[in-house]
Amino acid sequence: MDVEKKVAATPLLDELEKGDWPSFVTEIKKAAKTSKMAQGLLEQVEASYVEKTGHWKHGGIVGVKGYGGGVVGRYTDDPDRFPDAREFHTMRVNQVPGFFYTSEKLRALADIWDKYGSGLYNMHGSTGDIILLGTTTENLQPCFDALGEIDFDLGGSGGALRTLSCCCGEARCEKSCIDAMDMMYDLTMYYQNEMHRPAWPYKFKIKISGCPNDCAAASARSDMALIGTWRDAIQVNQEEVRKYVADGMNMVQVCRKCPTEALGWDEKNQTLSIKTEDCVRCMHCINVMPKALRIGKERGITVQIGGKAPVVKGAMIGWILVPFMKAEAPYTEIKDLVSRITEFWAEHGKNRERLGELVERLSLATFLEGVGLKPLPQMVSAPRANPYIFWKEEEVVKNG
Amino acid sequence: MDVEKKVAATPLLDELEKGDWPSFVTEIKKAAKTSKMAQGLLEQVEASYVEKTGHWKHGGIVGVKGYGGGVVGRYTDDPDRFPDAREFHTMRVNQVPGFFYTSEKLRALADIWDKYGSGLYNMHGSTGDIILLGTTTENLQPCFDALGEIDFDLGGSGGALRTLSCCCGEARCEKSCIDAMDMMYDLTMYYQNEMHRPAWPYKFKIKISGCPNDCAAASARSDMALIGTWRDAIQVNQEEVRKYVADGMNMVQVCRKCPTEALGWDEKNQTLSIKTEDCVRCMHCINVMPKALRIGKERGITVQIGGKAPVVKGAMIGWILVPFMKAEAPYTEIKDLVSRITEFWAEHGKNRERLGELVERLSLATFLEGVGLKPLPQMVSAPRANPYIFWKEEEVVKNG
Amino acid sequence: MSFVEIKGQQIELDEDGFIVEPDLWSTDIAEYFAKEEEVEELTEQHWKIINYLKDYFKQFGIAPMVRKVCKDNNVSMQELYALFPTGPAKGACKIAGLPKPTGCV
Amino acid sequence: MSFVEIKGQQIELDEDGFIVEPDLWSTDIAEYFAKEEEVEELTEQHWKIINYLKDYFKQFGIAPMVRKVCKDNNVSMQELYALFPTGPAKGACKIAGLPKPTGCV
Amino acid sequence: MARTDFGPPDYKTMLPPVIKRNYGKWLYHEVPQPGVLRHVSETGEELYSVRVASARLVSSEFIRDISDIAEKYCDGFLRFTTRNNVEFLVSDKAKLEPLLKELDEKDYLVGGVGLSISNIVHTQGWIHCKSAVTDASGLTKNIMDTMVDYFTGKKSVPSRCRIAVACCVNMCGACHCSDIAVVGIHRTIPRINHELASKICEIPNTIASCPTGAIRPNPKLKSVEINHEKCMMCGNCTVVCPAIKIMDPENDGVSIWVGGKVSNARSKPMFSRLAIPFIPNNPPFWPEVTDAVKHLVEVWASNARPGERMGEWIGRIGWERFFAIADLPFTDKHLDDFTHANTTFRSTTQFKY
Amino acid sequence: MARTDFGPPDYKTMLPPVIKRNYGKWLYHEVPQPGVLRHVSETGEELYSVRVASARLVSSEFIRDISDIAEKYCDGFLRFTTRNNVEFLVSDKAKLEPLLKELDEKDYLVGGVGLSISNIVHTQGWIHCKSAVTDASGLTKNIMDTMVDYFTGKKSVPSRCRIAVACCVNMCGACHCSDIAVVGIHRTIPRINHELASKICEIPNTIASCPTGAIRPNPKLKSVEINHEKCMMCGNCTVVCPAIKIMDPENDGVSIWVGGKVSNARSKPMFSRLAIPFIPNNPPFWPEVTDAVKHLVEVWASNARPGERMGEWIGRIGWERFFAIADLPFTDKHLDDFTHANTTFRSTTQFKY
Ligand code: SRM
Ligand code: SRM
Ligand code: SRM
Ligand code: SRM
Ligand code: SF4
Ligand code: SF4
Ligand code: SF4
Ligand code: SF4
Ligand code: SF4
Ligand code: SF4
Ligand code: SF4
Ligand code: SF4
């Protein structure tokens, strides 16, 4: 975009160009050199800093043809004062799984965005998308079309499957129990319709982490978290364990941190022992001795459901739904489960009711029955303490 | 009471006269030798065993003059079949604090009860009363009058202060931080009116345990649990500690069970150390080494509120209201607190709403304000995790 | 269940002597109950409370909590028991022809 | 906010082109919106859904969930997008003169 | 008017002299043999307490018999414990052995002290309560007949094990915090006598009594309705409204709960949690119940570490392991669905297979 | 019609050859120096990843600059992390030092690996969100300016410390499970434009949006009312109904939460919990906020044991001790009063004075 206008003074924001940490103000100013919209943003944000209040209006519903989401509409609340921020929509562009890019791809993206938008990005949004920050209604469709040419599709918004995200998984991590990136890619491709055409009560998020370290923070912020895990023994290289000890590792302290006392150190024989049946795969020992310990060989995922932020019923951390299931391409079992869950939720969920809230409202037992799963003690930290047990008519003797 | 009638056969109950454990059936039969009511009970209970259902009617509201409680009315649901169980009220007689009796007193009680009732007792009811099991409406007043002559008053029932109970405290226990029995006696005498004339939304229970071992199970089943505790250092006799060690006590294992790592064992110097600031007075070390360790010297009580059984909102274990307060006769501070709490509850409680449920409904903050106490971190296991904070108008800047 | 005849009318009572058909209640019945409940004579004070109980029940479908009875009628617990020696639940409510209170015992 | 003239009437629209005064909605306005939302012509199928949306909103005070629109009208998502290329929320609801859906984005 | 508001007898008049002298001065105690406590005072004096089992439901004859014994060996002083055992308070050591002998001859069971299974805290049952789903006394008798060796000390346990029995979910006792709790439950929905309800039901209270909000008014009948989908068969409405009945002999029965505790010793107090949702009422022996309790005690006793209460053991190994070791089926009933249900759902990938 | 439903670029086309060759074969990793990871494969091959800080809100110029760098040292391959750092993927060890040198020259901050304070996960703030109570980017910049030594490894921490900033209680991020979370909050009740509401408010949705049930319909105005007693100022109704406004510059501000975690490492995931209920919005520096965060990090770093996350440390010492050590006032605001409040009340006599 061409630019002429001179940006008004931004004394408060200017302060934030100082300091060691990379400055978002500097970034906006860089963009403002060639983008009016970025200039508009700068002015409006400066005003927010002065007045201690935001200046964006409620709502905004714009989009591209054929899709029901992927764009967040945004308008300034004072177009006279901030004419260049009048329309300032963001496009949610589906990131590459694992956030891997070639410089070529990034340059192509920047070229398009300089043409159709503000030249500002969030790399990345909290859900995982590339957020293209600020364009006009008019430019949405051409921008989308151009993005299509370099293979960038939009991600999700609204009552839809949201853009998936995952950790780097097997691409760059020795702990990954699954091919997280492939799984994300495969599911994303499979659920294109569910992502682009909102038809559900509310947002639905799926995130994938290669192991229980959960570097994608999946369990805290996805309705369905797929976490890599294993069910056999941790692989131990005693040689390497001894090296750690020789290098000063205090094995008593290491063992003490095992949450279930599964880990033992035989000082005499200089041997580490792991009671596999007691191991809860907390990753601790593997984390501290990456050279000596490896995840097991029989790998798959644990499925957690219900994770979310506080609105409305309070934040939730995902609950175990499936303790262990295999996770190999083409992920048929997983897709089947996702479909059964979203179908149940779409059928019974109220408007703006997240999956976790639905399960809480209807009861876990009802939900399990609905999606065809059996109750397991792994699903709970403890069974019920209250005596308010529900019995079905078919479970009891019929009375006259 | 005189007796003629022959009891019908009770083949099922008879089975319960076998076995090693003392038999309630044998006890009823003993009473039935001289009491028709006991015979009636035997017959009706046998019927219950055959039919697998109770035979007592709903309700029953009988009493003695001047009191609104202390008697639980009971009628058989089939007076034709069980004429001798037609009226079968129980009288709740306030037990002696600590359940200490002289044989003389017990005999006097038995004499009265043989005269006016079934000759059957619960020694004691779950709340603590002596339950005189089974008499007629007609006999209630004379029985009460006779009991009065041997200094036995009735306990509580209905929406009243219930009969207090306590552990043996200083009378028979080295761990007691307070004079539990005296406290129970004093409070009982002070609150006679509140106990005998129900004027509250629901039952209100106070129980007293001399120390956190809580042998009166106070925190689980009283709206207000007064638990003896201390705030200075545990008294250690290192000599005696060493004797325990010499006798084979494994100090490493003992120390491991201290919930806060406050307990330490110096193998070299054969010395036990206790970090007083980390001790949470869990009693563990004192329990296992009674000869070596003693409670601290600065003693008082911790007050817990809200303990109760499941009806309606679920069972609760008492919550900390006052971490520490002095508890010396005449217990003025405690009485003041009891009065402020019951006053608040009586004012705001709904019908059949226990204190814990009220606090849950109105919020702990509201309750604290109502009874004039300051919030303390000791009251919670953790602060709130949800961002739904309420701000009062006076806390914020007034706007236009 | 038993019956008593009050001014020529057969009135059914439950074991505790409460009226089974509250609709049949009348001042005569109140007088009868009063005797049973150790009330010598129903004074104006008694009637004030009886009427209060009846009105409250009509309006809310429940018997008022005792504290409320005292507050709304400006009587103390002591006075209430002086008026109705067998207490508000067993005494006053019975006389007022309310269903038997089923609160906690 | 902006204004458009539709059949001689000044109609106020918000930034997204939704009608500000839903009471002023008319079939003319629907026709106008349809063009904006890439609908060539409002066919019977379109009207069925538009009327359904209007009725539902009248009855429940909210826009129906998309799944319900499909079910109740026996159309698939694909068909719905074929009818309203800009989607049920931005397209169909706007044409039907419903308030701008404020659901999650 | 009769004497009122005079309270219970003054406890000071009920204490043996040795206690009066050493009140607040006890220094420590020992358990010289099962069922016997020896408390030693700062003054050097000592008191022997001998604990014997009681049925709790006792007759005047029993009262007089223990009075006799107390007079013979304890100058007439005795007490009851908070779990309804009787304690003979012996101040003269010489009388200890003779007392124990007489108790043995009279078939009194001495025990319940320390690492033992003490008396069961139980409730009225068919003996006296209109809400009773089962008979607490009968269950108690049967269970303790089975457990008696753990009371007398013939068999040992890793730690105390407090058993409670309640005849309905009101849980008159501390069932909700017991190592093992046996609780009577209903499995069918209450029936309403609308005719009667219209006369005697305090409708607002009845509605408020329902934990799950299953009751709504039925103004036409001047009565109430129960929403079958929501009713959890707790029976609370039947306490408030006499026109509602829930007893159903064929379907009523008992449930078993484990892992609760009250004391603050070592670990915090804990709620008991559902182990076995339903066992039919099978008087007079309730064999399935006694078997289950026995099984639970044995599983715990043979797996727990010394000093570990049932709930502490389960806390260490995890509930999933408990259900496996105890070989109990885990069902939809075990999944909480009440107010705080979601705080019991497992929010971590840490679990055992 | 344009191309639709084709999804993101295929990740396989974005991987450096060394990763393709060793995909799924990585054996272990080391941290040779702050900000640098060395992953070693079964095949013996190795990959160096160099992590640099990013503002997340970046310009095309930045994108092109990191592309330049990647081309120079990494054959054009780079990635972003789940916390918005940039990682340069170096397959040729010889290029590592030159890369680090150039990064240093260009003022890129290398760090955020291992025992460090990595980038802050934050949200839109005044940059783009209509719900923003505060500015997430500004807060992040200020906090990280203060914390930068913990990022670069100049200062050390006992364990990872994940900081998050959210501009409103929607918490677009994982604030609710962060070691330290800064969250924008309102303190006054929303105002309703009834005139507007009557036109555009989806009333049932608005009522349902209120966590505390504070909203009821006002049929007369065809609008809604807010019950002041119940409103907790969460602002959720303003998301659903454009006629309700809650912004209040004088009273809005931020709260600070501590002790959350997501990973299942050692301990279970935990929620962040309220530490400081309110700090006024004070742009551009928010000095009270940066001071508070600095203080919290320092208190934790100087008291926790090695390897202990904030929440693990607090879990060990207890919240009562935390408030004392951190010298923070404990107020009525800290007491939970939402749905599961009573599960946070202390049900044991175990506590520290
Ligand atoms: C852009 C983004 C923040 C960011 O700066 O990165 C964002 C921005 C908004 N979120 Fe979010 N959310 C973003 C990720 C999240 C996450 C994190 C995640 O997805 O991993 C969460 C927490 C996880 C969860 O979903 O629970 C999140 C929880 C919410 C909520 C609360 C939902 C709840 O059930 O508690 C709302 C409220 C709502 O839906 O009305 C919300 C609503 C919003 C809205 C749409 C508010 C609004 O109505 O205007 C914001 C639009 C801002 C804008 O103008 O761009 N956003 N939001 C993130 C999406 C970028 C992306 O696509 O990559
Ligand atoms: C007799 C006794 C059981 C026993 O065998 O020992 C008992 C018996 C009854 N209890 Fe209880 N409760 C008895 C101690 C308890 C306890 C234990 C305690 O007090 O320490 C509890 C649990 C603690 C608590 O209060 O929460 C208890 C919790 C209940 C409840 C549930 C209350 C709740 O809030 O969850 C009810 C239901 C009710 O009030 O309607 C109840 C109701 C009843 C009723 C009145 C049921 C009824 O409406 O008929 C029972 C009368 C039985 C009868 O006919 O004698 N009883 N009740 C206990 C009183 C004896 C005494 O005075 O010493
Ligand atoms: C006599 C009695 C108090 C009374 O006033 O009646 C009593 C007396 C003593 N208790 Fe207790 N407790 C008594 C009921 C309780 C209860 C209440 C209950 O069981 O309903 C509890 C709480 C139970 C629970 O947690 O569920 C109780 C939890 C304890 C504890 C902690 C046990 C634990 O490890 O969790 C101790 C400490 C110990 O055993 O080392 C204890 C210790 C003691 C000591 C050793 C205290 C002392 O130094 O004298 C007493 C010797 C008793 C013994 O049985 O070994 N007492 N004790 C009660 C005897 C009941 C019975 O007949 O069995
Ligand atoms: C690159 C990244 C994944 C990605 O695909 O982008 C990643 C990569 C690694 N993580 Fe992570 N984690 C990454 C975000 C996370 C997150 C998510 C977050 O912070 O939002 C978590 C959960 C945080 C939480 O619990 O709140 C996370 C929790 C862990 C843990 C467990 C930490 C703990 O002690 O609780 C480990 C194990 C360890 O550190 O030993 C771990 C270990 C690792 C290892 C060592 C795995 C490996 O063997 O390669 C990786 C080296 C990273 C490092 O920073 O030391 N990673 N890691 C993410 C880097 C973010 C950043 O720029 O700082
Ligand atoms: S979640 Fe596990 S597999 Fe994924 S990056 Fe983190 S440590 Fe590696
Ligand atoms: S992974 Fe965790 S639970 Fe398993 S042995 Fe290692 S430290 Fe213990
Ligand atoms: S509660 Fe404490 S003081 Fe009372 S008997 Fe038990 S151990 Fe002794
Ligand atoms: S009383 Fe408990 S917390 Fe205190 S030192 Fe002893 S074992 Fe530790
Ligand atoms: S537990 Fe239930 S049935 Fe048993 S006495 Fe208590 S209220 Fe009655
Ligand atoms: S039995 Fe319980 S759950 Fe069912 S209606 Fe009655 S009170 Fe409600
Ligand atoms: S946290 Fe709130 S204000 Fe910030 S981006 Fe998310 S919705 Fe908007
Ligand atoms: S601000 Fe939150 S609590 Fe207040 S009315 Fe709106 S939704 Fe309800």
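To find a chain, count down the sequence lines: A is the first, B the second, and so on, and within it residues start at 1.
Side-chain polar atoms of Tyr101(A) and Ser67(F) form no donor-acceptor pair below 3.5 angstrom. For Asp5(F) and His196(A), the side-chain atoms include at least one donor-acceptor pair closer than 3.5 Å.
For the options Val25(A), Thr53(A), Leu12(A), heavy-atom pairs under 4.5 Å to chain F are most numerous at Thr53(A). Residue with the most contacts toward chain F among Met283(A), Gln44(A), Met189(A): Met189(A) (heavy-atom pairs, distance under 4.5 Å). Heavy-atom pairs under 4.5 Å with chain F were tallied for Leu106(A), Thr127(A), Val288(A), Asn287(A); the largest tally goes to Leu106(A). Put simply, of Lys52(A), His284(A), Lys175(A), the one with the most heavy-atom pairs under 4.5 Å next to chain F is Lys52(A). Per-residue heavy-atom pair counts under 4.5 Å with chain F were compared for Gln141(A), Met195(A), Lys18(A), His55(A), and the maximum is reached by Lys18(A). For the options Ala216(A), Gly314(A), Pro290(A), heavy-atom pairs under 4.5 Å to chain F are most numerous at Pro290(A).
Within the 4.5 angstrom heavy-atom criterion, atoms from both the backbone and the side chain of Leu120(A) approach chain F. Only the backbone of Thr13(F) comes within less than 4.5 Å of a heavy atom of chain A; no side-chain atom from C-beta onward does. With a 4.5 angstrom heavy-atom cutoff, Arg172(A) touches chain F via backbone and side-chain atoms both. Only the side chain of Leu37(F) comes within less than 4.5 Å of a heavy atom of chain A; its backbone N, CA, C and O stay farther away. The part of Thr238(F) that comes within reach of chain A is its backbone (N, CA, C, O), which places non-hydrogen atoms under 4.5 angstrom from that chain. Using a 4.5 Å cut-off between heavy atoms, Leu89(F) touches chain A through its side chain atoms alone.
Other residues, nucleotides and ligands contribute more than 12 heavy atoms inside 6.0 Å of the NZ atom of Lys106(F).
Classification of Arg352(A) and Glu202(F) as a salt-bridged pair fails, no side-chain N sitting under 4.0 Å from a carboxylate O. Lys141(F) has no carboxylate O lying under 4.0 Å from a charged side-chain N of Asp20(A), or vice versa, which leaves the two without a salt bridge. Using a cut-off of 4.0 Å between Lys/Arg side-chain N and Asp/Glu carboxylate O, Asp151(A) and Arg3(F) are scored as salt-bridged. Look at Lys291(A) and Glu30(F) and you find a salt bridge, because one of the NZ, NE, NH1 or NH2 atoms lies within 4.0 Å of a carboxylate O, short of that distance.
Taking the centre and axis of the six-membered ring of Phe99(A), the NZ or CZ atom of Arg79(F) falls outside the cone set by 45° and 6.0 Å.
Annotation for Gly7(F) and Gln192(A): closest pair N-OE1, 3.2 Å, computed over non-hydrogen atoms. Pro22(A) and Ala55(F) make their closest contact through O-CB, 3.7 Å (heavy atoms, listed as atom of the first residue, atom of the second, distance).
The aromatic rings of Tyr185(A) and Tyr11(F) sit perpendicular to each other, their planes meeting at more than 60°, with 30° as the lower class boundary.
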